[in-house]
Amino acid sequence: MPELPEVETMVRGLRPHVVGKKIVAVEILDPKLQNMERTLPLPITVASLSRRGKHILFDFGDQTLVLHLRMSGRVLWSKRRPAGRVRLSLRFADGTVHLVDPRRLGTAEVVRGFSDGLGPEPVGDLSWLPPVVKESRMLIKLWLMDQKKIAGIGNIYAAEILFRAGIAPDRPANSLSRAEVGRLRKAIPAVLEEAIACCGTTLEDGLYRGPNGEIGAFACELAVYGRAGERCRRCGSSIVRTVLAGRGTYACPRCQR
DNA sequence: TCATCCCTGTGG
DNA sequence: CCACAGGGATGA
């Protein structure tokens with residue numbers, strides 16, 4: 001579920017509660033997570049909390065707790081155990097971080113040194129992007145969602161970025177013109193930064209919330225995602241849903257070529 | 001580059 | 001009942 005803006009929202013919301021604070025107890029409530037190989041020596045102080053792609057990193061200095069929320073996970077801060085399927089709890093003196101994950105696809109592991117195969121972050125300077133995109137024969141939407149190419153973009157934001165750039169999702173990456181790659185390069189950080197400013201996207205199911213219960217207001221800004229059959233806000237055409245690599249794919253057939 | 005699987009929940 | 005869901009590893 002959560003993509004970069006949602007994970008970023010969770011990390012920002014959690015930071016003041018956990019950085020410099022001690023975890024006094026860890027509770028693993030889902031046997032699937034027993035492969036949190038190493039056990040943390042408790043109590044242990046959180047040196048910093050950060051995001052890399054869609055991963056959440058609790059840094060303890062020599063060890064790192066890495067969470068990945070996959071489709072349905074979220075983290076929240078509360079004094080008491082929340083409703084829903086809690087899989088992991090990190091208890092601090094004045095509250096607890098809960099990993100809630102109804103589909104149980106999320107992962108948690110303790111590692112020494114987080115070495116990932118992730119591509120660069122999709123914010124900031126993207127001058128590296130045009131040459132790399134022009135080299136790939138992947139469909140552009142799948143390229144955007146490939147974490148090894150660029151880290152943090154998922155199904156919602158791939159659709160929104162491509163709408164913003166005016167590019168059809170099923171175009172091979174190496175078929176994009178110079179101008180199109182230029183628009184893509186600008187659209188990626190623009191869409192993600194707007195979404196972060198909105199605290200992400202809470203869909204109608206309400207599954208995603210920020211760690212303190214915030215609603216992700218970017219749902220109101222979605223131009224194409226989840227809008228099959230509705231009017232394009234720019235040209236009035238009907239938004240079309242297709243399937244690419246098994247994922248629902250939304251686009252305006254007129255604005256995106 | 002794909003289908004499939006991992007899981008569970010929801011909605012048609 | 002079946003289709004589908006903010007992700008990603010795997011194997012053909």
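Proteins get letters first, then strands, A, B, ... in listed order; numbering begins at 1 in each.
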Nucleotide [N], atom [atom2] - distance to [atom1] of [X] in whole Å:
X        : N     : atom1 : atom2 : answer
A/Asp116 : C/dG8 : CG    : P     : 12 Å
A/Glu3   : C/dA5 : CD    : P     : 13 Å
A/Lys32  : B/dT8 : NZ    : P     : 8 Å
A/Arg247 : B/dT1 : CZ    : P     : 18 Å

Regarding [X], tell me which of base, sugar-phosphate or nothing describes its non-hydrogen contacts under 4.0 Å with the strands shown.
X        : value
A/Leu69  : nothing
A/Asp205 : base
A/Pro2   : base
A/Leu139 : nothing
A/Gly154 : sugar-phosphate
A/Arg87  : nothing

Indicate whether OP1 or OP2 belonging to [N] is found under 4.0 Å from a side-chain N or O atom of [X].
X        : N     : value
A/Gln147 : C/dG8 : yes
A/Lys54  : C/dG8 : yes
A/Tyr250 : C/dC4 : no
A/Arg85  : B/dG9 : yes
A/His68  : C/dG7 : no

Classify the ring geometry of A/Trp77 against A/His17: parallel below 30°, tilted from 30° to 60°, perpendicular beyond 60°.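 Plane angle under 30°, so parallel.
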Quick one: do A/Arg52 and A/Glu121 make a salt bridge, cutoff under 4.0 Å? yes
Where is the tightest heavy-atom contact between A/Pro130 and A/Arg185, given as atom of each residue plus distance?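 Result for this residue pair: CG-CD, 4.2 Å.
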For C/dA5 and B/dT1, measure between their P atoms and round to the nearest Å. 23 Å
